[in-house]
Amino acid sequence: MNIAILCYHRLGGSGILAHDLGAALAKTGRHSVHFVGLEPPFRYLDNDNENVWFHKIELKEYPVFVYPPYTLSLASQLASIIDNNDIDVVHSHYAIPHAVAAILAGNIAKRKIRTVTTLHGTDITLIGSHPTFKNITRYTIEESDVVTAVSSFLKDRTQEVLGINGDKIEVVYNFVDRDCFNPDLKYWCCHKPDPNRKIIAHASNLRPVKAPLDVIKLFAAISKATSFETELWVIGDGPMQSKMMDLCRELKIKGKVKFLGVRTDLGRILTCCDLFLLPSKEESFGLAALEAMACGVPVLASRAGGLPEVIKHDVSGCLMNVGDIETGTILGKRLLEDQGFCDSVINEGIRTAFEGFRQADVLKSYEALYRG
Ligand code: GMT
């Protein structure tokens, strides 16, 4: 099949999943994958498959426009891409505005396409349910041939906030790319000078929904509670970074916290870490948690959204209530200090990442939905 994939190229779980899915579909040799957007998706530069293409969407600036209308440019150019490349399926990741553009392009193009829309989380919980977008989000879900959600939580939430018929939405979980996330990756920092120093990590786009200040508070409290030396690595960047830095200064832990910025070698970095924190206020799936589990890093996450579908408390990781730093500190200390518990959590985390969320199963599900 010829599949067009629309996604955001900036750091974010939906773009990462869209890229990894496209790369994996192309690798099967059964499909050509055409990424369409303003820039190639995050991680695209690692791509070396001849069945993968990138089509750049050009924006038109004009004094009459307050902002260049991206959705219209995307829909118009996508229609040509569909006809010129015999596209069979347009798979939109993140409903707004990709699914809108796909539906418009499907109406404009001469070729008949199948529209598949994957809901990732904030496209429903924060954006799609907002009064300014609610009608168009519901419309795109109703008009897409297939709609998937990355967790049962997100499916239920979409039904609830948009009044959508549940039969319309299929749950297809996310997966991790085993080549990029596994416990055997090695990196310079694996040769840690001090084995008694524990590395605690967080990776996200540092938006308020990720509760980045709770990351700092948790780290400060765990650091105080444990007998180990500790360091926090913050990977990614985003609007809360300067507030996180301010809090580090206030809590006098500035020297222990490193901001590593946006990295494409996240898997290699994770293999050096001893604990991963994801205390989000909301999280429809928590791809970063699954990536950490795949690399053999125990995860302490919040009991938010779809995270309990990914992490079984006390088995494949630990869950705390959102904002409950006190309980999080006890759990984090245990994950660092109780070696037997930590080992069993690590093993179960790896098993979950590669068996519970098997890439081959996810590919099969999407391929079946593409065929109809
Ligand atoms: O979490 C983000 O801020 C990024 C966002 C996105 O759409 O790029 O992530 C969402 O999609 C990911 C991939 O499916 C999920 O793992 C994240 O849980 C989800 N984020 C939220 O629900 C907050």
Side-chain angles (χ1 to χ4, degrees), residues 5-22 24 37-39 41-43 91-99 116-130 133 137 147-158 160-161 169-177 181 202-212 214-215 234-241 262 266 276-294 299 301-311 317 319 322 352-353 356-357 359 362 365-366:
I5 294 187
L6 313 185
C7 66
Y8 281 111
H9 63 275
R10 296 220 176 104
L11 176 67
S14 60
I16 289 169
L17 191 276
H19 170 265
D20 290 356
L21 172 65
L38 292 174
E39 299 290 338
F42 190 67
R43 291 190 188 157
H91 189 168
S92 306
H93 291 265
Y94 212 86
I96 304 290
H98 297 127
V116 177
T117 299
T118 292
L119 309 174
H120 280 273
T122 47
D123 47 354
I124 297 299
T125 56
L126 295 181
I127 305 297
S129 54
H130 191 269
F133 281 120
T137 312
V147 180
T148 73
V150 297
S151 63
S152 298
F153 157 80
L154 185 57
K155 173 180 170 164
D156 295 347
R157 178 55 68 86
T158 308
E160 190 188 305
V161 296
I169 305 171
E170 292 246 3
V171 174
V172 180
Y173 286 116
N174 290 335
F175 67 91
V176 291
D177 178 349
F181 296 94
H202 169 75
S204 79
N205 44 24
L206 309 186
R207 283 188 282 143
V209 73
K210 301 287 173 182
D214 283 357
V215 173
V234 178
I235 303 134
D237 67 12
M240 292 292 284
Q241 182 161 317
V262 175
L266 179 61
F276 186 85
L277 305 178
L278 194 64
S280 311
K281 290 181 189 158
E282 274 196 31
E283 199 71 68
S284 68
F285 182 88
L287 188 58
L290 196 66
E291 290 173 338
M293 287 153 81
V299 174
S302 54
R303 205 171 264 112
L307 276 166
E309 294 172 58
V310 178
I311 299 168
L319 296 173
V322 175
T352 301
F357 296 90
Q359 186 192 49
V362 177
S365 303
Y366 279 124

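Ligands are counted one by one from 1 in listed order, and the atoms in each one are counted from 1 as well. From a predicted model like this one, the values you see are computed outputs, not experimental measurements. Side-chain atoms are counted along with the backbone in the values below, which use heavy atoms only and exclude waters and symmetry mates.
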- What's the shortest heavy-atom distance between L277 and H202, and which atoms? O-ND1, 2.9 Å

- Y366/F175 aromatic ring centres below 6.0 Å: no

- Message: Can you tell me which portion of N174 lies within the under-4.0 Å heavy-atom range of ligand 1? Options are side chain, backbone, both, or neither.
- Response: side chain

- Are a donor atom and an acceptor atom from the side chains of S92 and T117 found within less than 3.5 Å of each other? no

- Message: I need the D177 CG to I16 CD1 distance, nearest 0.5 Å.
- Response: 11.5 Å

- Message: If we set the cut-off at 4.0 Å for heavy atoms, which region of N205 has an atom near ligand 1: side chain, backbone, both, or neither?
- Response: side chain

- Would you check the N or O atoms of G15, main chain and side chain alike, for any that come under 3.5 Å of an N or O of ligand 1? no

- Query: Going by an N to O cut-off under 4.0 Å, is there a salt bridge joining E170 and K155?
  - Reply: no

- Item | From CG (L126) to CD1 (I124), nearest 0.5 Å | 10.5 Å

- Query: At the 4.0 Å heavy-atom cut-off, does H93 count as touching ligand 1?
  - Reply: no

- Note on the structure: Check: of K210, R207, E282, min heavy-atom distance to atom 4 (C) of ligand 1 comes from R207

- How does Y8 reach ligand 1, by side chain, by backbone, by both or by neither, if only non-hydrogen atoms under 4.0 Å count? neither

- Query: Is L287 in polar range of ligand 1, meaning some N or O pair under 3.5 Å apart?
  - Reply: yes

- L17: heavy atom below 4.0 Å from ligand 1, yes or no? no

